[in-house]
Amino acid sequence: MDHATLASMTTLRLGGPVANALRVSDPDDWAELVRTIADRQEGAPLTLGHGSNVIASDAGHEGTVVVMNTRGITAKRLDDTTVAVTVQAGRPLADLTSWAATEHLAGIECLAGIPGTVGAAPVQNAGAYGQQISDALDHLTAWDWDMGRLRTLPAQACRLRHRDSRFKNAPGRWTVLTATFHLTRSPAAPVTYRPLADELGVDLGARPSVAEVTAAVLANRHRRGLLLDPHGPDARQAGSVFLNPPVTAGQAARWSAAGCPVHTDSDRQLRASAGWLLEHVGYRPGSKIADGVHCSERRTLTLTARDGATSAGFTRALAELSAKVEATTGITLRPEPVLIGT
Ligand SMILES: Cc1cc2nc3c(=O)[nH]c(=O)nc-3n(C[C@H](O)[C@H](O)[C@H](O)COP(=O)(O)OP(=O)(O)OC[C@H]3O[C@@H](n4cnc5c(N)ncnc54)[C@H](O)[C@@H]3O)c2cc1C
């Protein structure tokens, strides 16, 4: 990968030059890649999948960037209903969810349509529509750059929390190589998310087929502007720019009385809707925040990069939005994408 830039590796298409970029397509090449990086004596590389959850520095990256493009998938029956599915890190998560739907395997159907790779999904415990990676992950293998060896981590050791994990908090230490999920040959997991129940026309707790839930999730994401469309004004984006912020019981009562959706996450933490808070302080779909930085046409919580955008301008826009929300509501917004680069 000559003359690579972070812009060419990320969905926001922002970010400067990269000193070295290595694309890994064959798992058997891993040992040689580790030797190459050791020879360069430059420390751990920056690992990327599809770059759909990062804001990459305009200055680029001085070290090596490793782009995971390994694709393999193997399935092993454990008992009458459970199948262990091991997936290489570079496989698109969307491929995995559509394969599981075809195989009638439940456990990850609500994750359909989330951009990016399987290896990145545990990094922020990717989730949507009431389901997250931690619901189905059994274990993963990862290269530990600190210890210089391959590690097998049971899901519990990954410290998967709401959009968080031990990997997100230790940038550069880990490269996830494979993830193994335990999926079940059964109807989909019970529907727990109201908009999904409405999309399916079922009650909460219903268990439609995996294929029905997968299709409903994709349709709902399409309508809400949650799919990554490489064309059009919202093509350059990294999804939601802020996490739904944790709030105290007092803040939850006050802001939900004002109309703000508040939910309890899987860690039993109350969270307010970041999108509602942005709209409360005046932003709307399509709002211009700065030169080249707009709210997406369909969704205030997604910011898009357009002509003239820079990574510095994009992060300044995030700071402006969160400062305005904090000044008006006292609630602190934190960016969801990871800031990367030099
Ligand atoms: C339109 C849109 C919708 C989205 N919707 C959702 C959603 O519903 N739910 C959700 O959770 N997320 C969502 N996201 C965010 C994003 O898709 C996920 O976080 C996804 O898991 C990122 O995958 P990636 O391969 O693009 O990771 P990248 O952006 O390449 O990397 C993200 C982080 O993970 C690290 N990383 C990447 N691969 C590896 C690896 N193999 N080993 C170790 N570290 C690695 C990177 O260094 C970086 O810190 C959305 C994004 C977009 C653009």
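In listed order, ligands and their atoms are each counted from 1.
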- Take Thr304 and Gln237, measure what side-chain hydrogen bond (donor to acceptor under 3.5 Å, both in side chains) needs, and give me the verdict at the end. CA-CA 5 Å; Thr304 59; Gln237 55 154 298; over 6 Å; no
- Message: Checking Glu297 against Arg306 for the salt bridge (charged side-chain N to carboxylate O under 4.0 Å, His left out) test, could you report, in this order, the C-alpha distance in whole Å, the side-chain angles of both residues, the deciding distance, and whether it holds?
- Response: CA-CA 12 Å; Glu297 297 294 321; Arg306 303 199 183 158; 3.2 Å; yes
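For the side chain to side chain contact (heavy atoms under 4.5 Å, CB included) test, no residue two or more places apart in sequence or in another chain qualifies with Ala38. Not counting sequence neighbours, the partners of Arg271 by the salt bridge (Lys or Arg N to Asp or Glu O under 4.0 Å) test are Asp265.
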Which pairs of donor and acceptor atoms, one on a side chain in residues 24-32, lie under 3.5 Å apart (sequence neighbours left out)?
from: Ser25; atom 1: OG; to: Asn69; atom 2: ND2; distance (Å): 3.1
from: Asp26; atom 1: OD1; to: Asp28; atom 2: N; distance (Å): 2.8

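Shown here for Thr70 and Ala89, the closest heavy-atom pair between the two residues is OG1-N, 3.5 Å.
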Within the protein, flag every N or O under 3.5 Å from an N or O of ligand 1, and note the pair and distance.
from: ligand 1; atom 1: 5 (N); to: Arg221; atom 2: NH2; distance (Å): 2.8
from: ligand 1; atom 1: 8 (O); to: Arg221; atom 2: NH1; distance (Å): 3.0
from: ligand 1; atom 1: 8 (O); to: Arg221; atom 2: NH2; distance (Å): 3.2
from: ligand 1; atom 1: 9 (N); to: Gly127; atom 2: O; distance (Å): 2.8
from: ligand 1; atom 1: 11 (O); to: Gln124; atom 2: NE2; distance (Å): 3.0
from: ligand 1; atom 1: 11 (O); to: Gly127; atom 2: N; distance (Å): 3.1
from: ligand 1; atom 1: 12 (N); to: Gln124; atom 2: NE2; distance (Å): 3.1
from: ligand 1; atom 1: 17 (O); to: Ser52; atom 2: OG; distance (Å): 3.0
from: ligand 1; atom 1: 17 (O); to: Pro115; atom 2: O; distance (Å): 2.8
from: ligand 1; atom 1: 19 (O); to: Asn53; atom 2: ND2; distance (Å): 3.1
from: ligand 1; atom 1: 19 (O); to: Gln124; atom 2: NE2; distance (Å): 3.1
from: ligand 1; atom 1: 25 (O); to: His50; atom 2: N; distance (Å): 2.9
from: ligand 1; atom 1: 25 (O); to: Thr117; atom 2: N; distance (Å): 2.9
from: ligand 1; atom 1: 25 (O); to: Thr117; atom 2: OG1; distance (Å): 2.7
from: ligand 1; atom 1: 26 (O); to: His50; atom 2: N; distance (Å): 3.4
from: ligand 1; atom 1: 26 (O); to: Gly51; atom 2: N; distance (Å): 3.2
from: ligand 1; atom 1: 26 (O); to: Ser52; atom 2: N; distance (Å): 2.8
from: ligand 1; atom 1: 26 (O); to: Ser52; atom 2: OG; distance (Å): 2.6
from: ligand 1; atom 1: 29 (O); to: Ser52; atom 2: N; distance (Å): 2.9
from: ligand 1; atom 1: 29 (O); to: Asn53; atom 2: N; distance (Å): 2.8
from: ligand 1; atom 1: 30 (O); to: Gly49; atom 2: N; distance (Å): 2.8
from: ligand 1; atom 1: 30 (O); to: Gly51; atom 2: N; distance (Å): 2.8
from: ligand 1; atom 1: 41 (N); to: Val176; atom 2: O; distance (Å): 3.1
from: ligand 1; atom 1: 42 (N); to: Val176; atom 2: N; distance (Å): 2.7
from: ligand 1; atom 1: 47 (O); to: Thr47; atom 2: O; distance (Å): 2.6

